[in-house]
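Computed over heavy atoms, backbone and side chain alike; hydrogens, waters and symmetry mates excluded.
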Amino acid sequence: MQVVKEQVMRALTTKPSSLDQFKSKLQNLSYTEILKIRQSERMNQEDFQSRPILELKEKIQPEILELIKQQRLNRLVEGTCFRKLNSRRRQDKFWYCRLSPNHKVLHYGDLEESPQGEVPHDSLQDKLPVADIKAVVTGKDCPHMKEKGALKQNKEVLELAFSILYDSNCQLNFIAPDKHEVRIRAG
């Protein structure tokens with residue numbers, strides 16, 4: 001009886017303009033179709049908002065966030081090769097940046113060509129203590145994206161840009177290889 005009531009109610013919500021349209025809607029809302037709709041609605045509403053699911057989510061969320069943090073730190077320790085922008089906005093040289101294994105220093109330096117694999121942190125000549133970092137900015141907030149003509153570049157480059165600000169007016173400017181790296185590095 002409940003299914004018939006639901007068929008009628010669902011058919012009426014479409015506001016059919018004739019009895020033939022109403023009958024047609026009823027035929028489309030078969031018993032099996034009503035069961036599928038109910039199951040779908042239950043999955044979308046009740047299951048993910050039920051007390052056991054919410055309790056489980058609350059219990060495992062700190063572990064998941066810690067795992068994400070560790071994975072990001074591990075990726076930063078591995079390091080990444082970035083294209084270096086010259087004064088003409090061409091990306092023809094490379095530089096590498098990585099976090100030290102103790103997470104206290106960023107090691108970075110210029111490279112002649114894109115490396116195959118990781119670059120050892122001892123071979124990178126420049127260092128920036130993590131404690132000296134004041135902020136990380138992305139996109140149009142980056143100093144190298146505010147320069148004349150930089151904002152005229154395509155939107156994709158703007159989305160890949162991030163900068164590490166340190167000291168009073170110093171910064172490391174990056175153009176990430178892809179959006180995935182921006183989320184890991186800046187985010």
Side-chain angles (χ1 to χ4, degrees), residues 43-45 47-49 53-54 56-187:
M43 286 292 290
N44 290 333
Q45 293 173 354
D47 288 350
F48 297 113
Q49 298 302 320
I53 298 292
L54 292 175
L56 179 62
K57 180 180 174 185
E58 188 177 308
K59 184 177 180 178
I60 65 173
Q61 189 171 17
E63 293 174 39
I64 292 172
L65 292 175
E66 183 60 29
L67 177 64
I68 291 169
K69 178 183 167 186
Q70 287 305 314
Q71 288 174 335
R72 285 183 174 182
L73 282 171
N74 291 342
R75 186 67 179 102
L76 289 170
V77 169
E78 288 174 20
T80 299
C81 180
F82 297 92
R83 289 197 169 272
K84 191 171 188 172
L85 291 175
N86 66 17
S87 59
R88 294 184 193 147
R89 316 289 312 156
R90 289 183 47 220
Q91 301 178 23
D92 55 357
K93 293 191 177 189
F94 298 93
W95 68 297
Y96 201 86
C97 186
R98 67 179 294 178
L99 184 63
S100 64
N102 66 5
H103 304 162
K104 292 184 179 186
V105 178
L106 278 178
H107 297 269
Y108 60 97
D110 293 339
L111 302 172
E112 291 302 314
E113 56 187 42
S114 183
Q116 304 299 323
E118 288 183 26
V119 173
H121 60 82
D122 346 0
S123 68
L124 299 169
Q125 55 277 37
D126 299 307
K127 297 177 183 179
L128 170 63
V130 172
D132 291 351
I133 295 174
K134 305 290 184 217
V136 176
V137 293
T138 60
K140 63 183 177 185
D141 297 328
C142 295
H144 62 304
M145 291 293 113
K146 290 180 180 178
E147 294 170 5
K148 184 180 177 184
L151 288 173
K152 293 179 183 175
Q153 291 186 7
N154 64 20
K155 186 179 176 184
E156 185 178 314
V157 170
L158 195 61
E159 290 174 352
L160 299 176
F162 67 100
S163 296
I164 295 175
L165 309 178
Y166 62 99
D167 290 336
S168 55
N169 275 337
C170 298
Q171 73 261 345
L172 292 178
N173 297 317
F174 299 82
I175 301 293
D178 56 50
K179 289 180 183 180
H180 177 71
E181 288 296 323
V182 171
R183 286 192 293 272
I184 290 172
R185 307 286 172 209

Gln70 side, atom CD; Leu65 side, atom CG - distance, nearest 0.5 Å:
12.0 Å
Point-to-point distance, once rounded to the nearest 0.5 Å, from CG of Leu128 to NE2 of His107:
10.0 Å
Please find the pair of heavy atoms, one from Phe82 and one from Cys97, that lie closest to each other, and give the distance.
CE1-CB, 4.1 Å
Rounded to the nearest 0.5 Å, how far does CD of Gln71 lie from CD of Glu66?
10.5 Å
For the CG atom of Leu111 and the CH2 atom of Trp95, what is their distance to the nearest 0.5 Å?
10.5 Å
For a 4.5 angstrom cut-off between non-hydrogen side-chain atoms, does Arg98 reach Val77?
yes
In short, Lys134 meets Tyr166 closest at the heavy-atom pair CG-CA, 3.9 Å
Side chain to side chain contact (heavy atoms under 4.5 Å, CB included), that's the test. Do Leu106 and Ile133 meet it? Break it down for me.
CA-CA 10 Å; Leu106 278 178; Ile133 295 174; 4.0 Å; yes
Please lay out, stage by stage, how Leu54 and Glu58 fare under the test side chain to side chain contact (heavy atoms under 4.5 Å, CB included).
CA-CA 6 Å; Leu54 292 175; Glu58 188 177 308; over 6 Å; no
Looking only at heavy atoms, the pair that brings Gly109 and Asp126 closest together is CA-OD2, 4.3 Å
Side-chain contact, heavy-atom cut-off 4.5 Å: Tyr108 with Leu124?
no
Between His103 and Val130, which heavy-atom pair has the shortest distance, and what is it?
O-CG2, 3.7 Å
Do other residues, nucleotides or ligands put more than 12 heavy atoms under 6.0 Å from the CG atom of Asn169?
no
Apply side chain to side chain contact (heavy atoms under 4.5 Å, CB included) to Leu165 and Gln171, showing your working.
CA-CA 4 Å; Leu165 309 178; Gln171 73 261 345; 3.6 Å; yes
Is the shortest heavy-atom distance from the side chain of Asp141 to the side chain of Ser163 under 4.5 Å?
no
Inter-residue atom distance Asp110.CG - Tyr96.OH, 0.5 Å rounding
14.5 Å
